[in-house]
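Every heavy atom of this structure was used, including side-chain atoms; hydrogens, water molecules and symmetry mates were not. Positions are given from 1 along the sequence.
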Amino acid sequence: FPEFKIWMQVYEFSEKTPLPQRYGNGDAVLKIGYMLEELGVLPSRSEEQGRQRRTLLAAFAEKEKQWIEPFVKVLEKSKRSDATILDYLRELKTFNRWLKNLYPEADLLDVNQQIVQRYLSALCENKVRQKYLRDSFAILNKFYSWARFEKLILTNPCENLKVSRE
């Protein structure tokens, strides 16, 4: 059994090594993680989420952080959970990395409808689950709706796009 120092190690071990349980539901490795947290061996999960958030934000250029950080504050004010905010940051990071591979000089605010459509098509070509595709689109739409409201962009590039529910 490895020595766990952070929650990410618990999650990774849990995925690689599912332990059978005799009683009850849930993941035995995660239950061990909760016990280690209670004993003070692991930091609280909220501290871990803060570390993950800082790591995700560090992936953006300083210029992009000028938009991402205020967007995160809006998510916090609208009572989004830490896990949801992490999902938003992960998706924006993934989209941004994809964007920079195609258009190295572009940033998140340089996106138009054709680029978003191309990204969604790329996700489909990679055979992602339909739920992931819808969630990705919803996150991009939320970000660009906010950017439009803040007058950072003239139009939301997701505005007239639809994602199938099938």
Would you say the side-chain atoms of E38 pair up with the backbone N or O of Y34, donor to acceptor, closer than 3.5 Å?
no
Separation of K142 NZ from C158 SG (nearest 0.5 Å)
13.0 Å
When rounded to the nearest 0.5 Å, the distance separating CD1 of I153 from NZ of K151 is 12.0 Å
For the backbone of A106 and the side chain of K100, can you confirm whether one donor and one acceptor N or O come within less than 3.5 Å of each other?
yes
So which atom in Q9 and which in K5 form the shortest heavy-atom distance, rounded to 0.1 Å?
OE1-N, 2.5 Å
Report yes or no: does Y103 contribute a side-chain atom to a donor-acceptor pair with the main-chain N or O of I115 at less than 3.5 Å?
no
Restricting to side-chain contact (heavy atoms from CB on, under 4.5 Å), what partner residues turn up for L86, sequence neighbours left out?
Q49, Q52, R53, L56, R90
Results of salt bridge (Lys or Arg N to Asp or Glu O under 4.0 Å) for K131 - residues two or more places apart only
D135
Do the side chain of E91 and the main chain of Y88 share a donor and acceptor less than 3.5 angstrom apart?
no
Might you work through the side-chain contact (heavy atoms from CB on, under 4.5 Å) test for E105 and D110, ending with a clear yes or no?
CA-CA 9 Å; E105 299 301 316; D110 294 329; over 6 Å; no
Taking the side chain as every heavy atom from C-beta outward, state whether W98 and R118 have any atom pair closer than 4.5 Å.
yes
Run the side-chain contact (heavy atoms from CB on, under 4.5 Å) test against V41 and tell me which residues pass, sequence neighbours left out.
L36, L39
For the CG atom of D87 and the CZ atom of R80, what is their distance to the nearest 0.5 Å?
11.5 Å
Should Y144 and L102 be regarded as members of a common hydrophobic cluster, given that ILVMFWY residues are connected when their side-chain heavy atoms come within less than 4.5 Å of each other, either directly or indirectly?
yes
Assess whether atom CD of Q114 is packed by more than 12 heavy atoms of other residues, nucleotides or ligands within 6.0 Å.
yes
Contacts of type side-chain contact (heavy atoms from CB on, under 4.5 Å), residue L123, not counting sequence neighbours
Y119, L120, V128, Y132, L133, S136
Nearest heavy-atom neighbours spanning I6 and L42
N-CD2, 3.6 Å
Which heavy-atom pair separates P157 from N112 by the least distance, and what is that distance?
CB-C, 3.5 Å
Shortest non-hydrogen pair, L92 vs L108, comes out as O-CD2, 4.4 Å
Across all chains, not counting sequence neighbours, the side-chain contact (heavy atoms from CB on, under 4.5 Å) partners of A58 are none
Are V74 and V72 connected, step by step, through hydrophobic side chains (Ile, Leu, Val, Met, Phe, Trp, Tyr) whose heavy atoms are closer than 4.5 Å?
yes
The test is side-chain contact (heavy atoms from CB on, under 4.5 Å); show your working for W67 and W146 and say whether it passes.
CA-CA 10 Å; W67 318 308; W146 169 83; 4.2 Å; yes
I'd like to check the salt bridge (Lys or Arg N to Asp or Glu O under 4.0 Å) partners of D107; sequence neighbours left out, ordered by chain and number.
K63
Salt-bridge contact E150-R148 (side-chain N to carboxylate O under 4.0 Å):
no
Where is the tightest heavy-atom contact between L161 and F137, given as atom of each residue plus distance?
O-CZ, 3.5 Å
To the nearest 0.5 Å, what is the distance between CG (L89) and CD (E69)?
9.5 Å
Check whether the side chains of E64 and N96 place a donor and an acceptor atom closer than 3.5 Å, and report yes or no.
yes
To the closest 0.5 Å, what do you measure between CD (Q130) and CZ (R134)?
5.5 Å
N156 and S145 have their tightest heavy-atom pair at ND2-OG, 3.0 Å
